[in-house]
Amino acid sequence: MKTKKEKMKILVVGGGGREHAIVWKLSRSPLVDKIYCAPGNGGIAEIAECLPVSAMDIVGMVSAAIENKISLVVVTPDDPLAAGMVDEMEKAGIRAFGPSKIAAEIESSKVFSKKLMKEYGIPTAGFETFASSEKAMEYLENCDFPIVIKADGLALGKGVVIAGDLKEASQAVKEIMTDKTFGEAGNRIVIEEFLKGPEVSVLAFTDGSTVVPMVSSQDHKRAYDGDKGPNTGGMGAFSPSSHYTNEIARYCMTNIYKKTIDAMADIGRKFKGVIYFGLILTKEGPKVLEYNARFGDPETQAVLPRLKTDLAEIFEAVIDERLDEIEIKWSDEPVVCVVIASGGYPKKYQKGYEIHGIQDAGRDGDTVVFHAGTKSENGRLVTSGGRVLGVASTGPDFRTALERAYEGVQKISFTDMYYRKDIGRK
Ligand code: AMP
Ligand code: GLY
């Protein structure tokens, strides 16, 4: 274990808005000496040293960690977690924050997570799993609609289809299992009951036995205002969710969070890191829609600005399995984060447009601009992805936070810039 005097060199793996928020938070820690990020982005480069290593390059990332004498690696994206980057870091003697490969399967296999929930009585939608498209088609003949069809593996958030009738359902099964739109991720599918209710995201720190939920948040998955249009990686988020009452939080702690972490330990897949509970608050009570084995994006950009405790200290406590020894504190002030995307996202869009106005958009103490798809090119900041920026603002009340975020957005401009006008309006 590190003594407090020995300052840390941290490497954050990834390069989106979520990673910018993590790096930004760590940059405020007195425990941290230097931060690296791989591959990072244009905004992260202002506060950390970016290394040209892809987030999926496990061998390259281990070498970079050794070369730069990193004391702690934070693995955030789903793919390297599912591929076992944390295990490989540990094998090389490097401390790493994040779940092991077998624990990350709670996100990377929906068949695994649904079976876990069934076995341990964790509330979730009723379901069946299928490894053959014929069997799945047969089952659909006698189903009520709408019904939900999910590819087993990681599919960039696109592997979920809500089918309104048999025709749509058969089409989804064909695309996932026969046409292999998501590759191997579609070898198996889950067909589950359609649930109704508000959706809430709760991220939690866990060391494998203690679980400490963060403040709640809500994502906006659809591309257009009014929750219309195609699914995206997330067009904005806010924290807290007004639907998530103390009573619901207490229920979830006992029946969902603790049960999940204990179940994972029980089957020899102790989960350490951040676990994301995608909840739906149904009339029969809260149920799990999905687990993620990591911080959510853009939820992190709305949640971390509210964290008062040193993030590096929390990471250390998780790794050393002494999360019960620290107190994690949050600000009562809400945060709203509006994502600014490239016009056309999540479908076709152009990159390379110069971005203006970021300096004016950030306001001391209450607004931060997190970069997602940006890069610095010959001294100019240009767009380099679908989701480009996230403007996160806090305020004494929700309305002020919301107004400040949109004020920030309005100061930013680039060609074909697009954002939802109704974040936090529901
Ligand atoms: P997932 O990746 O499993 O969270 O699914 C993505 C989105 O699909 C969720 O955020 C929900 O909006 C929707 N969804 C997933 N499962 C269900 C379900 N059983 N009933 C209703 N909507 C669902
Ligand atoms: N915002 C949803 C996710 O991170 O998967």
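We count residues from 1, following the sequence as given. Values below: all heavy atoms of this structure, side chains included; hydrogens, waters and symmetry mates excluded. When a ligand or atom number is given, it counts from 1 through the structure's own listing order.
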Write out the residue and atom name of the closest protein heavy atom to [atom], then the distance separating them to 0.1 Å.
| atom | answer |
| --- | --- |
| atom 17 (C) of ligand 1 | L289 CD2, 3.4 Å |
| atom 21 (C) of ligand 1 | L195 O, 3.2 Å |
| atom 9 (C) of ligand 1 | E199 OE1, 3.6 Å |
| atom 6 (C) of ligand 1 | V160 CG2, 4.1 Å |
| atom 22 (N) of ligand 1 | I162 CD1, 3.8 Å |

Say whether [X], considering both its backbone and side-chain N or O atoms, lies within less than 3.5 Å of an N or O atom on ligand 2.
| X | result |
| --- | --- |
| D297 | yes |
| E290 | no |
| R18 | no |

Numbering as shown, the atoms of ligand 1 that approach E192 to under 4.0 Å (heavy-atom distance) |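 Once the distances to E192 are compared, the set is 16 (N), 17 (C), 18 (C), 19 (N).
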Give the atoms of ligand 1, by number and element, whose distance to some non-hydrogen atom of F194 is under 4.0 Å.
->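 Once the distances to F194 are compared, the set is 20 (N), 21 (C).
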Test: [X] and [Y] ion pair at under 4.0 Å:
| X | Y | value |
| --- | --- | --- |
| D152 | K114 | no |
| E88 | K91 | yes |
| K411 | E407 | no |
| K270 | E321 | yes |
| D320 | R95 | yes |

Close approach, F295 and ligand 2, non-hydrogen under 4.0 angstrom |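 F295: no contact with ligand 2 (<4.0 Å).
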Element-labelled atoms of ligand 2 that are located less than 4.0 Å from some non-hydrogen atom of [X]:
| X | result |
| --- | --- |
| E299 | 1 (N), 2 (C) |
| G296 | 4 (O) |
| N292 | 3 (C), 5 (O) |
| R294 | 3 (C), 4 (O), 5 (O) |
| D219 | 1 (N), 2 (C) |

Answer with yes or no whether the side chains of R306 and S239 bring together a donor and an acceptor at under 3.5 Å.
->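 Yes.
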Specify side chain, backbone, both or neither for V148, according to which of its non-hydrogen atoms lie closer than 4.0 Å to ligand 1.
->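 It is the side chain that gets close, since no backbone atom is under 4.0 Å.
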For atom 11 (C) of ligand 1, decide whether some protein heavy-atom distance is shorter than 4.0 Å.
->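 Within 4.0 Å: yes, protein heavy atom nearby.
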In terms of the angle between their ring planes, are [X] and [Y] parallel, tilted or perpendicular, with boundaries placed at 30° and 60°?
| X | Y | answer |
| --- | --- | --- |
| F97 | F315 | tilted |
| W330 | F205 | parallel |
| F130 | Y139 | tilted |

Would D87 and S100 count as a side-chain hydrogen bond (donor to acceptor under 3.5 Å, both in side chains) if you check the C-alpha gap in whole Å, the side-chain angles of each, and the deciding distance to 0.1 Å?
-> CA-CA 6 Å; D87 312 59; S100 64; 4.6 Å; no
Closest candidate by heavy atom, reference atom 16 (N) of ligand 1, pool R222, K150, E290, K110 = K150
Cationic tip of K347 above Y345 ring, under 6.0 Å, 45° of axis |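 No, K347 does not sit over the ring of Y345.
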Can a cation-pi geometry be assigned to R425 and Y406, taking NZ or CZ under 6.0 Å from the six-membered ring centre and within 45° of the ring axis?
-> yes
